[in-house]
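All ligand and atom numbering here is 1-based and tracks the order in the structure. Every heavy atom of this structure was used, including side-chain atoms; hydrogens, water molecules and symmetry mates were not.
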Amino acid sequence: MRIVFIGPPGAGKGTQALRLAEALQIPHLSTGELLRQASDERTPAGLEAAKYMSTGQLVPDELVQELLLERLEHDDCRDGYLLDGFPRTLAQAESLDRLLTEKGIPLSMVIELRVDEHEILSRLAQRGRKDDDQTVIRQRLAQYDLLTRPLLDYYRQHRLLRVVDGLGAPDEVYARVAALAQPA
Ligand code: AMP
């Protein structure tokens with residue numbers, strides 16, 4: 001299965017995505033994690049990405065795409081993967097489509113984890129990751145609204161979108177997620 005997870009920062013997307021990937025026994029690929037790793041390793045791409053991440057901006061498409069495409073070439077991605085945090089722009093979605101079309105393999109589904117903005121602000125305020133101060137949080141939400149939200153329509157038109165209510169205890173939310181994607 002090839003699954004894309006979409007949701008605003010603070011929706012609990014990472015936790016749910018990881019759990020689903022484990023259940024399906026496919027790699028969980030988080031572009032946020034790949035970028036943080038590159039930044040910790042102080043590679044040129046990582047240092048460039050860090051400038052954007054620290055202010056809550058999206059990292060330029062080409063930089064993220066390069067990191068992810070390299071990761072997708074690894075053997076463990078042969079039978080599927082779960083993408084967490086990619087695509088985040090229409091250009092990224094189109095680039096993923098091109099790649100999958102070239103390989104003749106479709107996406108299985110796109111899961112939107114939906115949580116309202118008020119709830120997100122209170123969750124993010126408690127999380128305390130280093131880029132999570134209030135200004136950055138608002139900036140990340142604004143970027144989500146502007147650049148990522150249009151993807152929901154895009155995938156709805158492609159009949160791939162499944163919406164999950166992200167409100168509630170993590171186990172409750174996971175039960176909704178798991179109901180969509182059963183192991184083969
Ligand atoms: P995340 O861990 O998914 O919340 O991502 C953390 C940060 O990494 C985001 O705020 C962006 O700056 C950057 N990032 C992660 N994924 C992408 C992506 N697909 N496109 C652009 N920037 C990204």
What class does the angle between the rings of His158 and Tyr155 fall in, given that below 30° is parallel, 30 to 60° is tilted and above 60° is perpendicular?
perpendicular

Indicate, as side chain, backbone, both or neither, the part of Gln143 found under 4.0 angstrom from ligand 1 when only non-hydrogen atoms are considered.
neither

Of the backbone atoms (N, CA, C, O) and the side-chain heavy atoms from C-beta on, which set of Leu58 has a member under 4.0 Å from an atom of ligand 1: side chain, backbone, both, or neither?
both

Using a plain distance cutoff, I'd like to know if Arg140 has any nitrogen or oxygen under 3.5 Å from a nitrogen or oxygen of ligand 1.
yes

Any salt bridge between Glu73 and Lys103, counting N to O under 4.0 Å?
yes

Distance-only, no hydrogens or angles: does the Gln92 side chain make a donor-acceptor pair with backbone N or O of Arg88 under 3.5 Å?
yes

So, Thr31 side chain and Gly85 main chain: donor-acceptor pair closer than 3.5 Å or not?
yes

Ignoring angles and geometry beyond distance, decide whether Gly56 reaches within less than 3.5 Å of ligand 1 through its nitrogen or oxygen atoms.
no

At less than 4.0 angstrom from any non-hydrogen atom of Gln92, what atoms of ligand 1 do you find?
18 (C), 19 (N), 20 (N), 21 (C)

Just to be sure I'm reading this right: ignoring hydrogens, which of Met53, Arg88, Lys13, Glu33 gets closest to atom 1 (P) of ligand 1? Compare them by their nearest heavy atoms.
Arg88

In terms of atom number and element, which parts of ligand 1 are under 4.0 angstrom from non-hydrogen atoms of Gln57?
11 (C), 12 (O)

Can you spot which of His28, Glu112, Lys13, Met109 makes a side-chain contact (heavy atoms from CB on, under 4.5 Å) with Phe5?
Lys13

Working to the nearest 0.5 angstrom, can you tell me the gap between Leu63 CG and Leu35 CG?
7.0 Å

Arg36 heavy atoms, cut-off 4.0 Å: which ligand 1 atoms fall inside?
2 (O), 6 (C)

Which atoms of ligand 1 sit under 4.0 Å from any heavy atom of Leu35?
8 (O), 13 (C), 14 (N), 15 (C), 23 (C)

Has ligand 1 got any nitrogen or oxygen that is less than 3.5 angstrom from a nitrogen or oxygen of Ser30?
no

Take atom CD of Glu94 as the centre, draw a 6.0 Å sphere, and report whether it contains more than 12 heavy atoms from other residues, nucleotides or ligands.
yes

